There are 2 protein chains.
Amino acid sequence: MENINKFQTISKQALQRLPYYLNFLKSQKAKKQSNTSASMIAEGLRLNQVQVRKDLAAVSSGGRPKTGYGTEDLISDIEQFLGYNNTHDAILIGAGNLGRSLLSYKGFEECGMKIVAAFDIDKHVAGTEAGGHPIFPMEKLEDLAGRLKVKIGIIAVPAESAQEVCDLLVGSGILAIWNFAPVYLDAPEDILIQNENMAASLAVLSKHVEEKFGR
Amino acid sequence: MENINKFQTISKQALQRLPYYLNFLKSQKAKKQSNTSASMIAEGLRLNQVQVRKDLAAVSSGGRPKTGYGTEDLISDIEQFLGYNNTHDAILIGAGNLGRSLLSYKGFEECGMKIVAAFDIDKHVAGTEAGGHPIFPMEKLEDLAGRLKVKIGIIAVPAESAQEVCDLLVGSGILAIWNFAPVYLDAPEDILIQNENMAASLAVLSKHVEEKFGR
DNA sequence: ATTATATCGATATTTCGATATCGATATAAT
DNA sequence: ATTATATCGATATCGAAATATCGATATAAT
């Protein structure tokens with residue numbers, strides 16, 4: 001059936017659970033489980049049944065009483081919803097330690113993102129390549145990003161230059177930024193900034209250890 | 001039902017904002033700003049004033065009307081609170097692409113975490129080193145982790161083996177796990193699992209692009 | 001000294017996500 | 001065919017986090 005409300009809003013939290021469902025569903029498929037219910041996912045991932053059911057309702061309408069969802073159907077509904085099928089191009093800025101490992105990571109494409117070019121301020125780095133991606137000097141960014149109509153930018157530069165790079169990206173027509181620098185980025189409201197801050201995660205970890213273990 | 005920790009007076013969300021405050025405060029310090037108010041932080045990070053004030057109240061009591069907080073005092077209060085001062089040892093499992101770049105990342109120590117050893121299932125990898133850290137075979141994990149009294153484990157293995165590694169870590173007395181595998185880990189309730197799932201972040205990004213741009 | 005004001009810190013309100021409840025229904029069992 | 005039940009999906013409730021409001025107070029300006 002058609003999803004009637006195509007502008008249906010799903011919460012960021014729910015969105016972030018979907019990849020976990022996907023992973024679970026794929027393991028179900030590997031086990032030849034042709035049907036999977038919301039309750040099974042909830043149990044496997046130790047989540048609340050209703051929460052899973054609500055999340056799935058936003059993505060698929062193929063659920064049937066007693067049997068649940070067709071495993072493969074649900075997989076493809078989620079992938080469709082997340083846009084894994086039509087790949088978005090991305091550019092990466094900052095080919096240092098982190099940048100290079102992102103460039104050589106092979107898992108992005110199956111999540112619908114393809115890094116098409118990388119840029120670095122360092123003239124010695126520009127001209128080389130990493131993970132099969134060419135690295136260009138920063139001066140080429142605006143022109144290339146515009147011509148390739150790239151919509152996603154990945155910031156892997158040091159904290160000090162992150163805002164500058166952000167401005168450059170916004171100026172080049174980027175719609176979403178994946179920010180690996182540990183700073184808040186100031187950008188227009190319609191630009192999505194997704195922060196991947198290791199320090200923030202670490203804060204949760206070490207606080208827990210402090211509390212459990214005293215210091 | 002929910003195990004409320006009475007000593008935990010701060011939410012996970014607030015905890016994750018602290019590193020951003022820290023970064024902002026350090027840039028203030030670099031600008032010779034000896035005092036910083038909650039309102040300044042809120043404006044700089046585009047957050048709600050009250051939210052920042054509440055977060056700060058949980059970590060410091062040095063705020064004064066009209067002047068705000070002493071920049072350096074607040075920095076050290078936050079660092080103290082997050083445990084950046086007394087370093088926790090960690091071990092990393094899985095010296096593949098991702099694992100190796102985590103091993104060579106230099107920023108963890110200033111956040112109070114030090115990777116003391118790495119492990120890998122592959123006999124060819126064990127015996128080598130990465131980022132100045134020795135890599136041991138998996139068999140040595142339990143013994144080493146126990147003797148070194150390590151409390152943090154970092155999982156950087158493929159999805160398939162993540163649960164197995166998790167069990168091993170829990171058995172070795174680990175208190176908190178930083179999980180880079182895109183799977184839900186089943187562990188006792190008092191073990192903290194902090195998931196770092198790139199696919200989840202990507203989901204948010206690409207959904208945004210889909211919505212803004214159509215296909 | 002008096003006044004104005006920026007900021008803190010406490011309390012109230014709102015918002016939003018998580019959870020509980022319950023009726024509807026497709027399937028399996030009898 | 002009838003009945004039992006697992007599951008869906010909708011609605012209601014709950015709770016935590018975000019935000020608004022406001023009084024108290026330290027500092028600066030007059």
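It should be emphasised that the depicted structure is a prediction, and the values quoted were computed from it without experimental measurement. What you see below is based on every heavy atom in this structure, not just the backbone, and it leaves out hydrogens, waters and symmetry mates. The chains referred to below are lettered A, B, ... by the order of the sequence lines, with proteins before strands, and numbering in each begins at 1.
The side chain of B/Arg53 places no N or O atom within less than 4.0 Å of a non-bridging phosphate oxygen (OP1 or OP2) of D/dA20. Taking side-chain N and O atoms only, B/Tyr69 has a distance below 4.0 Å to OP1 or OP2 of C/dG9. Using a 4.0 Å cut-off, some side-chain N or O of B/Ser37 falls inside it from OP1 or OP2 of C/dT7. Applying the 4.0 Å criterion to OP1 and OP2 of C/dA18, one finds that A/Arg17 has a side-chain N or O inside that range.
Nucleotide D/dT30: paired with C/dA1 (Watson-Crick or G-U wobble, both distances less than 3.5 Å). Look at C/dT25: its Watson-Crick or wobble partner, with both distances under 3.5 angstrom, is D/dA6. Pair assignment for D/dA17 gives C/dT14, based on Watson-Crick or G-U wobble hydrogen-bonding distances that are each under 3.5 Å.
In the model, B/Asn35 has no side-chain atom that pairs as donor or acceptor with a side-chain atom of B/Gln28 under 3.5 Å. Under 3.5 Å, the side chains of B/Thr71 and B/Gln33 contain no donor-acceptor pair of N or O atoms. At a cut-off of 3.5 Å, with distance as the only test, a side-chain donor of B/Asp55 or B/Tyr21 sits close to an acceptor on the other residue.
Relative to the ring axis of A/Phe81, B/Lys207 places its NZ or CZ within 45° and under 6.0 Å from the centre.
Rounded to a whole Å, the CD1 atom of A/Ile10 is 16 Å from the P atom of C/dC16. With rounding to whole Å, A/Met40 atom CE is found 8 Å from D/dT7 atom P. To the nearest angstrom, C1' of D/dA20 lies 8 Å from CG of B/Asn48. Atoms CG (A/Asp55) and P (D/dC8) sit 13 Å apart, rounded to a whole Å. Taking atom CD1 of residue B/Ile41 and atom P of nucleotide C/dG9, one finds them 12 Å apart after rounding to whole Å. Spacing between atom CG of A/Leu15 and atom P of C/dG17 amounts to 12 Å, rounded to whole angstrom units. Taking atom NZ on B/Lys66 and atom P on D/dA24, their separation rounds to 18 Å, with Å as the unit. With rounding to whole Å, B/Gln51 atom CD is found 13 Å from C/dT15 atom C1'.
When distances are taken from the side chain of A/Ser39 to each of D/dT7, C/dT27, D/dT27, the shortest belongs to D/dT7.
At a threshold of 4.0 angstrom between heavy atoms, the contacts of B/Arg64 are confined to the sugar-phosphate backbone, with no base atom among them. Backbone-only engagement by B/Ala38 is indicated by non-hydrogen atom pairs under 4.0 Å involving sugar-phosphate atoms exclusively.
Comparing A/Gln13 and B/Thr36 along DNA chain C, the residue whose closest nucleotide (by nearest heavy atom) sits nearer the 5' end is B/Thr36. When the nearest nucleotides of DNA chain C are assigned to A/Thr67 and B/Val50 by heavy-atom distance, the more 5′-ward of the two goes with B/Val50. Comparing A/Lys54 and A/Pro65 along DNA chain D, the residue whose closest nucleotide (by nearest heavy atom) sits nearer the 5' end is A/Pro65.
Between A/Thr36 atom OG1 and A/Glu72 atom CD the span is 10.0 Å, to the nearest 0.5 Å.
Relative orientation of the A/Trp178 and A/Phe180 rings is tilted, given thresholds of 30° and 60° on the angle between their planes.
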